[in-house]
Colleague: 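Below are the structure tokens for one structure; questions will follow.
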2 protein chains.
Amino acid sequence: MLGELKALTQLEFSLTSDRPQPGMLRPRGRTERIRTAVLAATRAELQAHGYAELTVERVADAAGVAKSTVYRRWRDTTGLLTELLRELVRTDLPLPDSGSIETDLRELALGISRFYADPVQRSLFLGVIAAAVHDPRAADALREFYAARNSQAAESVQRAVKRGELPADTDPVEVIRALGAPFYYRMLVTHEPVNDAVAEKAAAAALAAVRAGAHRTR
Amino acid sequence: MLGELKALTQLEFSLTSDRPQPGMLRPRGRTERIRTAVLAATRAELQAHGYAELTVERVADAAGVAKSTVYRRWRDTTGLLTELLRELVRTDLPLPDSGSIETDLRELALGISRFYADPVQRSLFLGVIAAAVHDPRAADALREFYAARNSQAAESVQRAVKRGELPADTDPVEVIRALGAPFYYRMLVTHEPVNDAVAEKAAAAALAAVRAGAHRTR
DNA sequence: ACCTTAACGCGACTCGCGTTTCATTACCAT
DNA sequence: ATGGTAATGAAACGCGAGTCGCGTTAAGGT
């Protein structure tokens, strides 16, 4: 029981039944203040120096907290990044619903390109993706994030299928993944800038592919 | 002439004019043996333990070389990986030329999926991509590698354009990049396995997109 | 107001990566 | 073969990330 207290910050209290018993954890008050301060400091460090120089000690100093506290609760910088990601998935984005899959896909793509125009978000994702290569925790956080986000965005595709705009056996999530792939290729492999022009091309390519039946179940 | 021999290991004295004068470097003999041994040891370590546990000291031990030697010539593990990449771009792959862009794209995609089925190649690329997030040397190595490989593969597309199979203003390299993007999305973001089925879908999507004119110059 | 104890702060400590120094080796030109 | 000198080997060293133990603080139930 007590051994799992650390799990609080990582997976939050979602699974532990919330009962106000003696001998329980104390998520309110100081603990919560520190959590907020540390995450804010992490974001600030990402903006100021980027992922490359992100250090637990620097984050702790910036947050005005002992470094042992950060190590205890988040373990390392990857723990900080993954929690920022879990934080992000909770904030919901506006999803397009124009009635046309063409404009919906374009708006989704433009949303992606503008999202990564923010240096903080860009550093955050690049950092988590880089960490995920050798850290299963980061990989899990990524999977969870995109499972949520992609299924939300896939609703546009789902509606288009119902309207008869797209083949009936289209895999909606697969379309969204195909839409996003070019962005990650550019950010990770070729390190090219990601802008609206890229978004337009990605949307056009995804649209053509799904219309041709390239993204079907099976 | 001799000046480039050292550049083969790192950039080092690339700026010194090459003169076969006394007081030059010694790229043959022991130096070359060590280079081969260290790179082979790096590959072996990648296969045995993966990128996560790749360490200069372990590579040096495995190669039977002093670690200071490896540090001097390659600086860190990223230096080792980037040189493996530069080594790889020199070995040329068979390029498809079936006379049909559809089968060419499919064969190219299958080649990619089979390439990354090899744990060593997979670890190598994931490692370099992860390092490139915060290390410009790795980013440069990646750019050079794909600039070479993609332009080679783009010849298939170029031929298809000339045959009239594809729009005249098609950007050949862009088609190849679109073909590759889904693989990196899966390997880096969702950490899904990459197999022949993925390749088939990637080829179909790229084909539909380019036929629809989604990959034109400007 | 009081008590229990989870959570934090602080400092000392460990450990390993990477650096530096200097002696030694062995290329390569003569 | 022989000398000059890159290049390597060996070992000590510095530094900083991450750990540990313990005293202190404050949350939250009574």
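Quick note on labels: first sequence line is chain A, next is B, and so on, each numbered from 1.
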Colleague: Look at B:Tyr71 and C:dT19 and indicate whether a side-chain polar atom (N or O) is within less than 4.0 Å of OP1 or OP2.
Modeller: no
Colleague: Under 3.5 Å, is there an N or O donor on one side and an acceptor on the other linking the side chain of A:Lys67 and the base of D:dG18?
Modeller: yes
Colleague: Is it the case that the ring center of A:Phe125 lies less than 6.0 angstrom away from the ring center of A:Phe183?
Modeller: no
Colleague: Of the candidate nucleotides D:dA27, C:dG9, C:dT21, which contains the atom at the shortest distance from the side chain of A:Arg72?
Modeller: C:dG9
Colleague: Of all the nucleotides listed (D:dG18, D:dG9, C:dG9), which has the minimum atom distance to the side chain of A:Val56?
Modeller: D:dG18
Colleague: Establish, with yes or no, whether the OP1 or OP2 oxygen of D:dA27 is under 4.0 angstrom from a side-chain nitrogen or oxygen of A:Arg33.
Modeller: yes
Colleague: Can you identify which nucleotide, out of C:dG9, C:dG18, C:dC8, has its nearest atom closest to the A:Arg30 side chain?
Modeller: C:dC8
Colleague: Please state how far atom CH2 in B:Trp74 lies from atom C1' in D:dA7, giving the value in whole angstrom units.
Modeller: 12 Å
Colleague: Would you mind reading off the distance between A:Asp61 atom CG and C:dG9 atom P, rounded to a whole angstrom?
Modeller: 12 Å
Colleague: Quick check: on DNA chain D, is the nucleotide nearest A:Thr77 upstream (toward 5') of the one nearest B:Ser68, or the reverse? Name the residue that is more 5'.
Modeller: B:Ser68
Colleague: Between D:dA11 atom P and B:Glu57 atom CD, what is the distance in whole Å?
Modeller: 13 Å
Colleague: State the CG-OG distance between A:Asp104 and A:Ser156, to the nearest 0.5 angstrom.
Modeller: 4.0 Å
Colleague: Going by distance alone, is a donor N or O of one side chain under 3.5 Å from an acceptor N or O of the other, for A:Thr217 and A:Asp171?
Modeller: no
Colleague: Quiz question: by atom type and distance under 3.5 Å, do the side chains of B:Thr55 and B:Glu57 form a donor-acceptor pair?
Modeller: no
Colleague: Without decimals, in angstroms, what is the distance between B:Leu54 CG and C:dC17 P?
Modeller: 11 Å
Colleague: For A:Ser113 and A:Asn195, what are the C-alpha separation, side-chain angles and deciding distance, and is it a side-chain hydrogen bond (donor to acceptor under 3.5 Å, both in side chains)?
Modeller: CA-CA 6 Å; A:Ser113 76; A:Asn195 50 36; over 6 Å; no
Colleague: OP1 or OP2 of C:dA7 sitting under 4.0 Å from any side-chain N/O of A:Thr31?
Modeller: no
Colleague: Rounding to a whole Å, what distance do you find between B:Arg73:CZ and D:dG9:C1'?
Modeller: 14 Å
Colleague: Without decimals, in angstroms, what is the distance between B:Glu32 CD and D:dA6 C1'?
Modeller: 16 Å
Colleague: Select one nucleotide: of C:dC10, C:dG18, D:dT8, the one nearest the side-chain heavy atoms of B:Ile34.
Modeller: D:dT8
